[in-house]
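Right, one structure below, let's go through it.
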Amino acid sequence: MTVDVKQFFSTELLAWYRLVKRDLPWRKNRDPYRVWVSEIMLQQTRVDTVIPYYERFMAKFPTVRELAAAPEEEVLKSWEGLGYYSRARNLQAGAREVVERYGGIVPDDKTAVASLKGVGPYTSGAIMSIAFNRPEPAVDGNVMRVLSRYFCLEDDIAKPSTRVGIEKRAVSLIPEGAAGDFNQALMELGALVCTPKSPVCLTCPVMEHCAGRLAGKETELPVKTKAKPPREELRAAVIIAGSGEHAGKVLVRQRPAKGLLAQMWEFPHLLVDEHGEDAALADKLARSLHEETGLLIRPTGRLMDADHVFSHIHWKMKIYEADLGAAVTGAGSEKAWPAAGSASGRAAQTLYAAEASAAYEDSAAASSAAPSRAKLPAHYRWIGREEMEQLTFPNLFLRVLNQYWANSKR
DNA sequence: AAGACGGGGAG
DNA sequence: CTCCCAGTCTT
């Protein structure tokens, strides 16, 4: 690669950026904390999605110290709906580290920044270059696409080794004293001009020396192996209407501290077999819930289906409605069950009633209290619409819950 | 090297 | 539908 073509790229791209750059909230100043927060939020997340979250987050946690001092649930709540929630926990852990080890000042030190939780090669480079104007590469998906095209590189960008190679090129392109602007220019070009599907080459400031375009390969590049499709999981979920002191409320539970949607709230659900009738699925769910909580629930019908696709799992949820079955005799409620009329549905319902009866006896013997009055495990809770504001729900459950309350209102 | 980890917007 | 987005961490 000749020096001219690189020189041309750097000069033209930088000039272009300074002319057309977007006025984004995190570009108001170079406060390293503001840059840091923005870069974490922008991981795998579009600019337009991030903007409102960023504004709210910075208003609520304006400094490293305030973020470090906040209760973790408040930070998580600020992240509600953004996804990849470990980002929020890691960001706060990083803030606490900065307070404890660096007196609340984000250090102008590559090694120190890179060691913060949730800060990988891209983010450390972004912080060092944008906040401190250090000549570090900040290679994200945009940059890999732009440079793959400009230099006509056919390496698979899904491979970790490819990013390392592109980082080397990226460093060599940084103009003296302009690391921050140049790195942002690279990403701005990828976002506005050199887009994945149909790049707008005719408006590109560096098109005349773009090797990918000159080879007619701009739409084939970058090369990237396809991701595997997410595995499917059928889940039976239930929204349980409380009664008595819990009237108007529903039962929710908090997920474990580790793993998918860690620490977030949800309504009860259970992984079930791909086959199975409504009554059988609801029955499994009811039994499982009884084991966990001691509660005896009575499914009353199917509420809705909800599909939710994560990057690695596809949840197909069948969502049932239930109330707290008081006595066993009422278990075969007449109108409610959708499978009513089908012989197998009735059979399963009968089975459920019998089991519930047995369970009731066990539970009553063990606790000498009505199951519905028994103390819930700590991670279960009855909540109304207002209490929802305190708890953090993934969007999937938020949508269903809101729809449930909208329907039950009239 | 491969999988876990959210959610949404664009074509 | 498919792709993929200002990625990181764990195995």
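Worth knowing before you read on, the calculation uses all heavy atoms, side chains too, and leaves out hydrogens, waters and symmetry mates.
- For B:dG3, the OP1/OP2 oxygens have a side-chain nitrogen or oxygen of A:Lys228 closer than 4.0 Å.
- Distance A:Lys117 NZ to C:dC9 P: 9 Å, rounded to the nearest Å.
- Contact annotation for A:Val47: base contact, defined as any heavy-atom pair under 4.0 Å involving a base atom.
- When the P atom of C:dC9 is taken as reference, atom CZ of A:Arg163 falls 11 Å away, rounded to whole Å.
- For the pair A:Ile157 CD1 and C:dC4 P, the computed distance is 7 Å after rounding to whole Å.
- Heavy atoms of A:Trp26 sit under 4.0 angstrom from at least one base atom.
- Relative ring orientation between A:Tyr150 and A:Phe9 is described as tilted, the plane-to-plane angle lying within the 30° to 60° band.
- At a threshold of 4.0 angstrom between heavy atoms, the contacts of A:Arg22 include nucleobase atoms, whether or not backbone atoms are also involved.
- One can place CH2 of A:Trp36 at 14 Å from P of C:dT8, the figure rounded to the nearest angstrom.
- Here A:His269 and A:Phe397 bring their ring centres to under 6.0 angstrom of each other.
- A 4.5 Å side-chain heavy-atom check between A:Trp16 and A:Leu19 finds every atom pair outside the cut-off.
- Residue contacts for A:Ser38: at a heavy-atom cut-off of 4.0 Å it reaches no nucleic acid atom on any strand shown.
- Distance, A:Lys224 NZ to C:dT2 P: 15 Å, rounded to whole Å.
- Judged by a 6.0 Å distance limit and a 45° cone about the ring axis, A:Arg169 is positioned over the six-membered ring of A:Phe151.
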What pairs of donor and acceptor atoms, side-chain ones from residues 215-227 of chain A against any protein atom, are under 3.5 angstrom apart with sequence neighbours left out?
from: A:Lys217; atom 1: NZ; to: A:Glu154; atom 2: OE2; distance (Å): 2.7
from: A:Thr225; atom 1: OG1; to: A:Asp156; atom 2: OD2; distance (Å): 3.4

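- Under the side chain to side chain donor-acceptor pair (under 3.5 Å) criterion, the residue pairs touching residues 37-49 of chain A are A:Glu39-A:Tyr122, A:Gln43-A:Thr123, A:Thr45-A:Arg87, with sequence neighbours excluded.
- In this structure, CG of A:Leu116 is placed 12 Å from P of C:dT8, rounded to the nearest angstrom.
- Within 4.0 Å of A:Lys226, counting heavy atoms only, lie sugar-phosphate atoms of the nucleic acid but no base atom.
- Only the P atoms considered, B:dG11 is 13 Å distant from C:dA6, to the nearest whole Å.
- Annotation: B:dG6 and C:dT11 have their P atoms spaced 15 Å apart (nearest Å).
- In this structure, the CG atom of A:Asp156 is 14 Å from the P atom of C:dC3, given to the nearest Å.
- On the P atoms, B:dC5 is 23 Å away from C:dC4, given to the nearest whole Å.
- No more than 12 heavy atoms of other residues, nucleotides or ligands sit less than 6.0 Å from atom CD1 of A:Ile105.
- Between A:Trp26 and the options A:Tyr53, A:Tyr54, A:Trp36, a ring pair (Phe, Tyr, Trp, His ring centres under 6.0 Å) holds for only A:Tyr54.
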Revision key, fill the gap. Per-nucleotide protein contact along nucleotides 4-11 of chain B, 5' to 3', at a 4.0 Å heavy-atom cut-off (B base, S sugar-phosphate only, - neither), is SBBBBB--
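- The interatomic distance linking A:Arg145 (CZ) with C:dC5 (C1') rounds to 8 Å, in whole Å.
- Nucleic acid contact class of A:Leu24 (heavy atoms, under 4.0 Å, all strands): base.
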